[in-house]
Amino acid sequence: MRIPCSPSVLAAPVLALGLLVAMPASLAAQEPTPPANPPAAEATPAPGKPPAATPPAETTPPEGDAPRRPRRPRVQPIVIEAGMVHPVSGPAIENGVVVVRGEKIVAVGKKGEVELPPNAIVRSFPNGHVYPGLVDAATDAFALDDLRQDGNQDGGSLFADDLHKRGDRSDELAAAGVTTAYVTVRSPAFVRGQGAIVRPTKDGFELWTGKEHAALQLRMTNGLGPSHALQRQQQLAGADGLFEGLDEFRKAKTDFDEALKKYEKEFADYLAFHQKKKDGDKKPDAKPEGAPAGDKPAGEKAGEKPPTPPAGDGPQPGGEGRRRRGGPPREEPPKAPGAADESNGPTDRAELERAFADLLAMALETQDPPKQEPPKQEPGKQEPGKPEAKPGEQGQGGAAAEKKDEGPKRPTYPKAPPKDPQKDALLAVLDGELPLRVEAHRADELRAVLQLQRTREIPLLVLEQAYAADAVAKQMAQQSVSVVLTDVLPMPMPAPYDAFDPSLLPKHLHDAGVPFAIASGTARLSSALPLLAASAVGRGLPADQALRAITLSAAEILGVAKETGSLQKDKFADVLVTDRPLFASDSRVLLVLQKGKTEFEAK
């Protein structure tokens, strides 16, 4: 087909073609000759000087050998020898030995029967007594006065967030041999929050990891003052009402967890689909025909870039016919027979015709194409073979095909139920993950608490200040209820509690088979914890049970008996050394270890 063109249109490509042919030769004549690169010569040492030493080659460590980490210094073991060792979990050992390595106890036994590690630090107390660190099951140490008087607490309040070193003698629990303590307060609040377990140190305390939420506190008494039975009945109804609606709250949390898992799965599928679609849209790099996958072009080494091709088709500087200054002509590789001479540009006729055709096409593309009016169509008529478009479908010819590629829709994040920390704590109580500690004094208050446990099926129940516990001791033993006793010193009680004798409760509960612990109740009496246990011994409690009440039994009630409370292998090295038996009135603390670290030592 003949293409109509004007002479002005053809003049531009013809002129460009002439310039293309003449350009390489003119460029070759104008470019300077690059300086010759002399070969690198070895350095010759100066006369009278020794040759320079060759630096040693860097040695690369073999692959796969990771650099060695510096070894940690070994912890020097500690051996405590004493005239008497009281493990609490078993009978006392005369001339006993306790071996400590790091934070744990590694051996307990009789001297001469236990293998002692070499290079150990030996602490000898020939007349001393060794006990496990004391466990105070209820104290208000490290709690500020504001926390003790706060009546606005609820089940979501955490004591662990409001504990501080007070800076007075009431916080010096470690010097008294206390290595574990449960912190609570006797505030006027109905729900007092969640107590925490701490480990006293010489500088204050540290929270027991995992025991920041140790128990939920509840008050079901009006205190030492007089109260009416109907008032106490209302307290029972209020305590029972706390557990109302927990089933719906649990179901909402469960439904949300299931919906969240479904959302995560659907969102992962959504991302995978669009990632696959994105990868499919990428076109692979073109490769020469017949080249195997992964092979690189010949002459290209790993890690090297291919050489940059020369610009244009003409000869490059330093080509044939050029001389280097001060040197012979540069040798060029021999040409194949019949190869075209590139120094004068493209001489092949076919190449010239192709170049001319390309330039001509470029010139024609710059001209505006003739305008063509679309064919007119009479109203009411349509082209044969095409169905009439429905409203809303015009301009959507590929909508059906696009819908096939849309894939899954982006899922919607599920709506979370309202947060309620108190209900979360109550659910943990029902699941047995959190003990419920209730303060109740009178017999009717204690019976109300026991009824609440039966109705709501509470697995772990601990009673505090249960002055009338002897009246319901049998029922408490049947329901596996534990008791934390305070105020066990033989002191008169105010009216209307003057009929109670708390100093006799340890013996009564022991006889009834009720687990109990003796606690200080306040930081001011923490140093007198052995004295409280000794007073129970004076009222008929066996001495070994009194010792257990401030060590292993207390640890069992707090849920930490696997880690502390007795001198046993693999437990924490919480050790107390005294110069006389612990319950002696003139007993003095000589050494206190908490997890193998010295927290107190008498001078």
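This is a predicted model, so every value here is computed, not measured. Heavy atoms only: backbone and side chains are in, while hydrogens, waters and symmetry mates are out.
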**OP:** Indicate yes or no: at least one non-hydrogen side-chain atom of Leu158 is less than 4.5 angstrom from one of His213.
**Re:** yes

**OP:** Please indicate whether Asn119 has more than 12 foreign heavy atoms, meaning atoms of other residues, nucleotides or ligands, lying under 6.0 Å from its CG.
**Re:** no

Subject >> Side-chain heavy-atom pair Val462, Val438 within 4.5 angstrom cut-off >> reply: no

**OP:** State whether Asp269 and Lys265 are salt-bridged, where the test is any N-O pair (Lys NZ or Arg NE/NH1/NH2 against Asp/Glu carboxylate O) under 4.0 Å.
**Re:** yes

Subject >> Contact summary for Ala443 and Ala471, nearest pair of heavy atoms >> reply: CB-CB, 4.4 Å

Original post:
How long is the gap from CG on Asp154 to CD on Gln194, to the nearest 0.5 Å?
Top reply: 9.5 Å

**OP:** Tell me yes or no: between the side chains of Thr486 and Arg186, is some donor less than 3.5 Å from an acceptor?
**Re:** yes

Original post:
Out of curiosity, Leu505 CG to Lys507 NZ, how far, rounded to the nearest 0.5 Å?
Top reply: 12.0 Å

Original post:
Which residues pass the side chain to side chain contact (heavy atoms under 4.5 Å, CB included) test with Arg539, sequence neighbours left out?
Top reply: Pro490, Asp501, Ser503, Leu504

Original post:
Salt bridge between Lys595 and Asp574, side-chain N to carboxylate O under 4.0 Å?
Top reply: no

Subject >> Donor-acceptor contact below 3.5 Å, side chain Glu445 vs main chain His441 >> reply: yes

**OP:** Flag the pair Arg192 and Glu439 as a salt bridge only when some basic side-chain nitrogen lies within less than 4.0 angstrom of an acidic carboxylate oxygen.
**Re:** yes

Subject >> Val99 side chain reached by Ile105 side chain, heavy atoms, under 4.5 Å >> reply: no

Subject >> Flag, side chain of Thr201 to backbone of Gly204, donor-acceptor distance under 3.5 Å >> reply: yes

Result block: side-chain N/O donor-acceptor pairs under 3.5 angstrom for residues 242-252, not counting sequence neighbours:
residue	atom	partner	partner atom	Å
Glu244	OE2	Arg456	NH2	2.9
Arg250	NH1	Asp431	OD1	3.4
Arg250	NH1	Asp431	OD2	3.4
Arg250	NH2	Asp431	OD1	3.2
Lys251	NZ	Asp255	OD2	2.9

Subject >> Contact check, side chains of Ile557 and Phe516, non-hydrogen atoms, under 4.5 Å >> reply: no

Subject >> Sidechain-backbone polar pair: Gln594 side chain, Pro200 backbone, donor-acceptor under 3.5 Å >> reply: yes

Subject >> Ionic contact status for Glu103 with Lys571, cut-off 4.0 Å >> reply: no

**OP:** Quick one: which residue pairs count as a ring-ring contact (aromatic ring centres under 6.0 Å, His included) with a foot in residues 182-207, not counting sequence neighbours?
**Re:** Phe142-Phe205

Subject >> Working for side chain to side chain contact (heavy atoms under 4.5 Å, CB included), residues Leu552 and Leu547 >> reply: CA-CA 8 Å; Leu552 187 56; Leu547 177 60; over 6 Å; no

Original post:
Within a strict 4.5 Å, meaning less than it, do heavy atoms of the Leu446 and Val449 side chains meet?
Top reply: no

Original post:
Are Val560 and Trp208 side-chain neighbours, meaning at least one heavy-atom pair lies under 4.5 Å?
Top reply: yes

**OP:** Inspect the contact between Asp424 and Lys253 and indicate whether a charged nitrogen and a carboxylate oxygen are less than 4.0 angstrom apart.
**Re:** yes

**OP:** Please confirm whether the backbone N or O of Ala523 pairs with a side-chain atom of Asp140, one donor and one acceptor, at under 3.5 Å?
**Re:** yes

Original post:
Does Asp470 reach the main-chain N or O of His508 with its side chain, forming a donor-acceptor pair under 3.5 Å?
Top reply: no

**OP:** Starting at CD of Gln545, measure out to CD1 of Ile518 and round the result to the nearest 0.5 Å.
**Re:** 10.0 Å

Original post:
Is Lys110 salt-bridged to Glu113, cutoff N-O under 4.0 Å?
Top reply: no

**OP:** For atom NZ of Lys597, decide whether the heavy atoms of other residues, nucleotides or ligands shown that lie under 6.0 angstrom number more than 12.
**Re:** no

Subject >> Under-4.0 Å salt bridge between Glu464 and Arg219 >> reply: no

**OP:** Determine, for Phe572 and Arg199, whether the Lys NZ or Arg CZ falls below 6.0 Å from the six-membered ring centre while staying within 45 degrees of the axis.
**Re:** yes

**OP:** Kindly compute the distance separating OG (Ser482) from CZ (Arg437), expressed to the nearest 0.5 Å.
**Re:** 9.5 Å

Original post:
Where does the angle between the aromatic ring planes of Phe500 and Tyr497 fall among parallel (under 30°), tilted (30 to 60°) and perpendicular (over 60°)?
Top reply: tilted

